[in-house]
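Some notes on the structure that comes next.
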Amino acid sequence: MRSAASLLALILAPLAASFATPLAAQEVRSAPEGHVPPPASVAGLGWLTGRWVGEGIGGAPAQEVYSAPAGGSIAGHFVQEDGEGGVAFYEILQIAESGGSLVYRLKHFGPELVGWEEASEVVSFPLVAMEEGAIYFDGLTLRRDGEDGLVAAVLVSEDGG
């Protein structure tokens, strides 16, 4: 598994007030009303495989891990530290083939692994576009940054949506 040197995590906790940065605003794309996700598969997303570490919310350490594509999906997890040696929250992640396109799904968990969403609910981001070394979901972007970097950006509304 490749280990990357940097993760620019603009992963904003849904329970925090919105503070979308200029970088996040430049990085993410939103699906227009009536958007139909483009055809796609996980087959070309091998570049995402590995462990990405760096700064997350408020500069606290964060890491994101993605498996190699297998069985029509990619599994992963995200850990946001609290800046004081503990964990602020976890996310279990999935990029899955769905309806001929891709969807990014996640569930949040507190430091004691208590889920934030209801048991049958997930947060979903449908695919907007793919480019070489970049994948844009509705409000969430994963983009290569040089040979060993990853930019991860997500927009969160003030109401936690």
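Values in this document were obtained by computation on a predicted structure and should not be read as measured data. In this chain, numbering begins with 1 at the start of the sequence shown.
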Exercise for review: Of all the heavy-atom pairs spanning Arg29 and Ala129, show the shortest one and how long it is.
Suggested key: NH1-CB, 3.5 Å

Check your understanding: Quick one: are Val79 and Val65 in side-chain contact, heavy atoms under 4.5 Å?
Key -> no

Check your understanding: Going only through I, L, V, M, F, W and Y residues with side-chain contacts under 4.5 Å, is there a path from Val103 to Leu48?
Key -> no

Practice item. Please answer: with hydrophobic residues joined when any side-chain heavy atoms are less than 4.5 Å apart, are Val154 and Tyr104 in the same cluster? Key: yes

Revision key, fill the gap. Heavy atoms of Pro126 and Pro37 approach each other most closely as CB-CG, 4.2 Å

Review point. Roughly how far apart are Glu55 CD and Gln80 CD, rounded to 0.5 Å?
Key: 10.0 Å

Point to revise | Non-hydrogen atoms of Leu127 and Pro38 that approach each other most closely | key: O-CD, 3.6 Å

Point to revise | Side-chain touch Thr49/Pro69, heavy atoms, less than 4.5 angstrom | key: yes

Point to revise | Exercise: identify the closest heavy-atom pair between Leu150 and Arg144 | key: CD1-N, 4.4 Å

Review point. Thinking salt bridges, do Arg105 and Glu117 make one under a 4.0 Å N-O criterion?
Key: no

Point to revise | Phe137 side chain reached by Leu102 side chain, heavy atoms, under 4.5 Å | key: yes

Point to revise | Nearest-0.5 Å distance, NE2 of residue His108 to CG of residue Leu93 | key: 9.0 Å

Check your understanding: Do the ring planes of Phe89 and Trp116 sit parallel (below 30°), tilted (30 to 60°) or perpendicular (above 60°)?
Key -> tilted

Check your understanding: Any chance CD of Glu118 has more than 12 other-residue heavy atoms, nucleotides or ligands included, within less than 6.0 Å?
Key -> no

Review point. Looking only at heavy atoms, which two atoms of Met130 and Leu45 are closest? And how far apart?
Key: CE-CD2, 3.7 Å

Review point. Once you round to the nearest 0.5 Å, how far does CG of Asp145 lie from CH2 of Trp52?
Key: 9.5 Å

Point to revise | Spacing of Ser120 atom OG and Lys107 atom NZ [to the nearest 0.5 Å] | key: 7.0 Å

Check your understanding: Is Thr141 reaching over with its side chain to a backbone N or O of Tyr136, donor-acceptor style, under 3.5 angstrom?
Key -> no

**Study point:** Closest non-hydrogen atom pair between Phe109 and Leu113, with its separation
**Key:** CD2-O, 3.6 Å

Review point. Does any non-hydrogen side-chain atom of Val53 lie less than 4.5 Å from one of Pro61?
Key: no

Review point. Tyr90, Phe125: one ILVMFWY side-chain cluster at the under-4.5 Å cut-off?
Key: no

Review point. Is there side-chain contact between Glu64 and Leu142, with at least one heavy-atom pair below 4.5 Å?
Key: yes

**Study point:** Gap between atom CH2 of Trp47 and atom CZ of Arg143 - 0.5 Å precision
**Key:** 9.5 Å

Study note, to complete from the structure: OG (Ser67) and NE2 (His77) are apart, to the nearest 0.5 Å, by 11.0 Å

Point to revise | Close side-chain approach of Ile95 to Tyr66, heavy-atom, < 4.5 Å | key: yes

Review point. Is Glu132 atom CD crowded by more than 12 heavy atoms from other residues, nucleotides or ligands, each under 6.0 Å away?
Key: no

